[in-house]
Structures are given as C-alpha cells and as structure tokens.
Amino acid sequence: MSRIRTQIERPDQEIVRMAAQFSAATLLEAGGKKGALPSGIKPLGPSMKICGPAVTVSSPPKDNIMLHEAIIAAQPGDVLIAEVANVYEAGYWGDIMTHAAVQKGIQGLVIDGCARDGADIRQIGFPVFSRGLCIQGTGKNGGGTINHAIVIGEVTIEPGDLVVGDGDGVVVIPRHEIEEVLSRAQQREEEEERVRQLLREGKTTMEIYGWKSELLPS
Ligand SMILES: O=C([O-])CC(=O)C(=O)O
Ligand SMILES: [Mg+2]
C-alpha cells in the first residue's frame, strides 16, 4: 500500500461551512467530549480559526519532507494535520511553506510539534496550531506517510475527518459523525441562549441548572 495517498473522502462543503459557525468547544461537547487534541497545541495568533477536512501527515522526527509533499497532496480548503513522533524540538513548518500552502489554497496546519518564522506566519494570517515555536531547522531525508491514520494525544485521526480549531484548542470529528454532531451543537446553542436569557432575568447558574446551593434559600 502506498505511503502517500492522494485520493481521500471528504465531508460535503456545505457541512464544513455549517460546522465553521460553531466554536471548537461546542463541537467537542456536542460530539460527546471526544476528539480534543492536547491543550499544548495552540494557535500562533489569538484569532486564528480553522475548519476543514484532514490531510493527515506522519513525519519522522526532525524532518519535514512529508509536510512539503503534503502541500502537493492537499486540495483547497484542506487542513494539514501532522504528528512528528512526539519530538517537538524543531521548526517543522515556516514562512516559505506557509507561502506555498496559501498558494495552494490550503486552509491551515495543525501540528503536534513546533513551527518557526512565527512573526511572518502571523502577518500572513495563515492559521497554524502548534506546540509553539522552535528556531531549529529540520532534515530533508524523507520517510513518513500521508493520508494514513495518525494519533495525536489520545485521538486517532483519519484522512477526511473534520478538524476544527480556535483560541480554545483543536477538536477532530470523525467524518461519519459530523452531521449528528452538528444537530446536537445546534440544540446546545439554543439551550445556552435560553440560559443566557434567564441570567439576564436575574437567575443564578445554580438555580437554572437545578443544583443545590448552600448560599441560596431553598
Ligand atoms: O525549513 C523549512 O522547511 C521550514 C521553514 O523554515 C520555512 O518553510 O520557511
Ligand atoms: Mg524559514
């Protein structure tokens, strides 16, 4: 079987557009609290957001040729999502790759490792979610896979799964569960709007959720 796959199933574009209206945290809750990536993976800029189909990359430590290949393998709107064998201490992605990815219409990158050229990436506004920044460069010796299942933290990610990230972090939703998660996310939003209304009317969170307070008269 080929190490690099270019043909993958993606969710419907309309479904991706609908998902982009919700926060990552709402989708996580709506999905039964599954799919949260480790909290150490954060956007380089506070307003960076991402919502698109996963092109999965597995890279050997301190090498980034597979990420350069993934820029070729991806389609417009895709999100590259990569693991690097838990060796964070290298800048696996930088401003040159960002320019290449923007040219290709790639939506952003999630990497369980570090990036570099942070100021340029922020200025371009290309969403990168990473363990942080690391000045060290990478080798170009090759190895790794594209569009095979990868694991980040406790989450297994298949190509074509939906990757959603914002300032809170990143959640991955399995492709076949997206529609169900979206309908639960919509219900959750409506319920939270009801709670906000009750708060505006002067109720406490303890009363609204029916929890027994030691401070309120019973
Ligand atoms: O060395 C690399 O491939 C990463 C990098 O700094 C860039 O893309 O600018
Ligand atoms: Mg560079």
Side-chain angles (χ1 to χ4, degrees), residues 2-8 10 24 37-153 155 157 159-167 169-170 172:
S2 169
R3 285 196 304 129
I4 299 182
R5 291 179 179 158
T6 53
Q7 305 295 324
I8 63 169
R10 292 173 173 80
L37 297 195
S39 65
I41 299 174
K42 281 283 161 22
L44 289 185
S47 61
M48 286 179 174
K49 286 185 171 180
I50 217 167
C51 178
V55 165
T56 55
V57 181
S58 172
S59 174
K62 301 199 176 191
D63 194 287
N64 75 350
I65 277 294
M66 246 341 141
L67 281 160
H68 285 270
E69 294 276 41
I71 297 170
I72 299 171
Q75 289 186 5
D78 284 347
V79 171
L80 305 183
I81 183 162
E83 61 85 14
V84 296
N86 300 318
V87 179
Y88 305 148
E89 198 64 8
Y92 289 88
W93 183 275
D95 89 294
I96 295 295
M97 298 170 85
T98 296
H99 274 99
V102 167
Q103 191 68 26
K104 190 78 199 274
I106 293 168
Q107 214 195 119
L109 168 76
V110 174
I111 183 162
D112 189 17
C114 288
R116 65 178 181 176
D117 307 324
D120 292 331
I121 296 173
R122 283 190 201 100
Q123 211 233 326
I124 295 164
F126 179 79
V128 169
F129 291 71
S130 70
R131 289 276 179 179
L133 293 166
C134 176
I135 197 168
Q136 287 192 53
T138 46
K140 317 288 170 194
N141 300 311
T145 63
I146 294 177
N147 286 327
H148 289 258
I150 61 170
V151 177
I152 296 180
V155 181
I157 303 143
D161 285 352
L162 188 66
V163 184
V164 185
D166 58 27
V170 182
V172 179

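Because the structure is a prediction, the values reported are computed rather than measured. We count ligands from 1, going down the list as the structure has it; atoms in each ligand are counted the same way.
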Response to the item:
Filtering K140, Q136, H99 for the heavy atom nearest atom 2 (C) of ligand 1 leaves K140
Discussion item. Quick check on contacts: which atoms of ligand 1 are under 4.0 angstrom from a heavy atom of I96?
Written reply: 7 (C), 8 (O), 9 (O)
Practice prompt. Under the side chain to side chain contact (heavy atoms under 4.5 Å, CB included) rule, what do N86 and D112 come out as? Steps first, then yes or no, please.
Written response: CA-CA 7 Å; N86 300 318; D112 189 17; 3.7 Å; yes
Worksheet entry | ligand 1 contact on N64 by region, counting heavy-atom pairs under 4.0 Å | side chain
Item to complete: Give yes or no for whether the N/O distance cutoff of 3.5 Å, strictly under, is met between Y92 and ligand 1.
Response: no
Worksheet entry | Side-chain donor or acceptor of Q136 paired with backbone N/O of A90 under 3.5 Å | no
Worksheet entry | side chain to side chain contact (heavy atoms under 4.5 Å, CB included) assessment of V84 paired with T138 | CA-CA 11 Å; V84 296; T138 46; over 6 Å; no
Response to the item:
Counting from 1 in the order shown, the ligand 1 atoms closer than 4.0 Å to a non-hydrogen atom of D117 are 5 (C), 6 (O), 7 (C), 9 (O)
Practice prompt. Please report which non-hydrogen protein atom sits nearest to atom 6 (O) of ligand 1, along with the residue it belongs to and the distance in Å to one decimal place.
Written response: R116 NE, 2.7 Å
Discussion item. One pair to check against side chain to side chain contact (heavy atoms under 4.5 Å, CB included): V110 and V172. What are the steps and the verdict?
Written reply: CA-CA 11 Å; V110 174; V172 179; over 6 Å; no
Worksheet item: So, does N147 use its side chain to make a donor-acceptor pair with the main chain of T56 at under 3.5 Å?
Response: yes
Item to complete: Find all atoms of ligand 1 within a distance of less than 4.0 Å from any non-hydrogen atom belonging to H68, and give their numbers and elements.
Response: 3 (O)
Item to complete: Kindly say whether G142 contributes a backbone atom to a donor-acceptor pair with the side chain of D63 at under 3.5 angstrom?
Response: yes
Discussion item. Side chain to side chain contact (heavy atoms under 4.5 Å, CB included), that's the test. Do I135 and R116 meet it? Break it down for me.
Written reply: CA-CA 6 Å; I135 197 168; R116 65 178 181 176; 5.7 Å; no
Discussion item. If I only include protein atoms of type N, O or S, how many are less than 2.8 Å from the Mg ion (ligand 2)?
Written reply: 1
Fill in: Salt-bridge contact D78-K104 (side-chain N to carboxylate O under 4.0 Å)
no
Worksheet item: Backbone or side chain, does any N or O of D95 fall under 3.5 Å from an N or O of ligand 1?
Response: yes
Worksheet entry | Spacing of L80 atom CG and L109 atom CG [to the nearest 0.5 Å] | 6.0 Å
Discussion item. For the backbone of C134 and the side chain of E89, can you confirm whether one donor and one acceptor N or O come within less than 3.5 Å of each other?
Written reply: no
Discussion item. Considering non-hydrogen atoms of the protein only, which is the closest contact for atom 7 (C) of ligand 1, and what is the distance?
Written reply: G94 CA, 3.3 Å
